[in-house]
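Contents: one structure, followed by commentary.
All values below were derived from every heavy atom in this structure, side-chain atoms included, with hydrogens, water molecules and symmetry-related copies excluded.
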Amino acid sequence: METQVRNAYRPDGAVDEAAVDAAAALLRAGEVVAIPTETVYGLAANALNEAAVAKIFAAKGRPQDNPLIVHIAAMADLQPLVTAVPEAAKRLAKAFWPGPLTMILPRSARVPAAVSAGLSTVAVRMPVHPVAAAVIRKAGVPLAAPSANLSGSPSPTNAAYVFADMHGRIPLILDGGSAAVGVESTVVSLVGAVPRVLRPGGVTVEQLRAVLGEVEVDDAVLHKLKDGAVAASPGMKYKHYAPRADITILKGTFEQFCAYVDGKDATVLCFQGEDAHFPRAVTYGKAHDGASQAARLFDALRELDEQGAKTVYARCPDLSGMGLAVYNRLIRAAGFHLVDLENPEK
């Protein structure tokens with residue numbers, strides 16, 4: 001299969017309607033198209049077409065037990081996908097939709113079981129990216145769209161990385177430039193007594209609590225999913241977002257980090273301004289700035305592969321605000337290999 005890359009914008013900066021029309025026509029025909037969103041690029045197909053959804057799993061090499069997120073363009077698109085819209089969902093939608101927030105709600109019979117990996121729930125979000133919104137509206141159907149990378153690899157934040165993974169696997173990639181957020185959406189489950197964050201992302205836990213009050217963070221955000229446990233959300237698997245290099249996260253001060261890696265034959269993944277201290281380094285944002293780290297993380301992981309890095313020691317982000325989303329991705333990329341330099345007895 002030949003994969004075409006089309007610019008999603010006209011020279012004047014407006015969305016290219018011809019490119020959107022081409023994508024929508026393929027989606028209505030049951031094909032898979034890569035589209036830009038504000039989080040990362042998505043691999044989209046008609047969420048109501050089980051055969052089209054199967055093509056997403058095939059293109060990614062994605063396990064069938066990993067649920068997908070359904071993308072919509074308006075609140076009116078939500079009701080047919082779910083059996084109930086609780087008050088908490090309405091409050092979150094008012095605060096954060098369109099934007100990088102996914103809500104898990106009871107699934108209606110209209111959504112194929114394959115979309116939700118057989119679960120009784122469905123994950124739904126409304127992207128703010130103008131190209132994604134235009135494609136959904138033009139296609140006239142909700143779109144199932146996981147990240148547009150080979151399963152397990154770092155998620156793509158630009159069309160070039162999508163092409164590297166998906167060339168020959170899908171017919172069309174819409175190039176909408178670099179993703180602004182850089183990590184996938186926050187996923188919050190609203191099917192229990194208390195809202196529960198299953199995956200942190202572009203909307204922080206602190207922001208959710210400002211709207212809802214009590215919000216729990218699932219244990220799997222920071223730790224391995226227990227053996228035999230069902231993944232209720234994308235991004236909960238053991239190893240994910242991973243480059244080919246072996247990564248170890250070092251938690252501690254910069255001085256402790258430097259002392260630990262001194263003399264080791266390794267590449268470091270550090271913050272801006274720290275790279276001058278090491279012979280081989282890739283940076284991912286500024287220290288104590290989760291948003292800048294998120295915008296750079298996946299690109300940095302791919303750059304490690306481009307440099308041929310084999311062993312990598314990574315600086316640990318803060319575990320608050322957007323830093324929690326960064327840590328969630330990085331700890332999975334590292335296969336949960338972490339050394340606590342501040343508490344070496346642990």
Side-chain angles (χ1 to χ4, degrees), residues 20-21 23-33 35 37-39 42-57 62 64-147 184-192 195-196 198-199 201 203 211-212 230-234:
V20 169
D21 288 345
L26 285 167
L27 291 163
R28 287 194 299 271
E31 295 298 334
V32 176
V33 174
I35 61 173
T37 81
E38 69 276 17
T39 57
L43 202 60
N46 180 354
L48 307 182
N49 181 334
E50 196 160 0
V53 170
K55 292 181 181 179
I56 294 176
F57 287 94
R62 184 183 179 94
Q64 297 286 330
D65 63 349
N66 201 358
L68 306 176
I69 292 172
V70 178
H71 294 65
I72 61 175
M75 278 301 293
D77 301 336
L78 176 62
Q79 189 61 60
L81 305 176
V82 301
T83 60
V85 182
E87 182 61 30
K90 296 175 184 176
R91 289 163 64 187
L92 288 178
K94 182 178 180 180
F96 302 115
W97 274 8
L101 177 69
T102 293
M103 291 186 270
I104 292 182
L105 297 163
R107 175 172 62 89
S108 78
R110 191 170 183 222
V111 180
V115 170
S116 296
L119 300 173
S120 62
T121 54
V122 62
V124 185
R125 94 171 182 98
M126 187 190 300
V128 72
H129 196 289
V131 175
V135 170
I136 298 167
R137 287 193 297 267
K138 193 69 175 183
V141 292
L143 300 180
S147 54
E184 299 86 352
S185 62
T186 300
V187 178
V188 58
S189 175
L190 300 177
V191 296
R196 179 179 291 267
L198 303 183
R199 182 182 73 186
V203 174
V211 173
L212 296 182
V230 175
S233 161

Checking side-chain contact (heavy atoms from CB on, under 4.5 Å) between His71 and each of Ile136, Ile35, Val124, Asp77, which is the one that passes?
Ile136
Could you give the distance from CG (Leu48) to CG (Leu143), rounded to the nearest 0.5 Å?
9.0 Å
Which heavy atom of Ala45 sits nearest a heavy atom of Ala52, and at what distance?
CB-O, 3.6 Å
Between Arg125 and Leu101, which heavy-atom pair has the shortest distance, and what is it?
CB-O, 3.0 Å
Could you tell me whether the side chain of Thr186 and the main chain of Gly201 form a donor-acceptor pair under 3.5 Å?
yes
Taking it one step at a time, do Thr121 and Ser189 satisfy side chain to side chain contact (heavy atoms under 4.5 Å, CB included)?
CA-CA 9 Å; Thr121 54; Ser189 175; over 6 Å; no
Identify the heavy atoms of Leu27 and Ala44 that sit nearest to each other, and give their distance.
CD2-O, 3.3 Å
Below 4.5 Å, heavy atoms only, C-beta onward: do Pro86 and Leu105 meet side chain to side chain?
yes
Within 6.0 angstrom of Lys55 NZ, more than 12 heavy atoms from elsewhere:
yes
Could you check Leu68 against Arg62 for side chain to side chain contact (heavy atoms under 4.5 Å, CB included), going step by step and ending with a plain yes or no?
CA-CA 10 Å; Leu68 306 176; Arg62 184 183 179 94; 3.3 Å; yes
Decide yes or no on side chain to side chain contact (heavy atoms under 4.5 Å, CB included) for Leu92 and Val188, but give the supporting numbers first.
CA-CA 10 Å; Leu92 288 178; Val188 58; 4.0 Å; yes
Minimal non-hydrogen separation, Ser116 against Arg107, with atom names
OG-CD, 3.6 Å
Nearest atoms (heavy-atom pairs only) where His129 meets Glu38
N-OE1, 3.2 Å
Val141 and Arg28: side chain to side chain contact (heavy atoms under 4.5 Å, CB included), yes or no, with the steps?
CA-CA 8 Å; Val141 292; Arg28 287 194 299 271; 5.5 Å; no
Could you tell me the separation between the CE atom of Met103 and the NZ atom of Lys90, rounded to the nearest 0.5 Å?
11.5 Å
Smallest heavy-atom separation, Ile72 atom then Pro142 atom, equals CG2-CB, 4.2 Å
Is it true that the side chains of Ser185 and Thr39 contain a donor and an acceptor less than 3.5 Å apart?
no
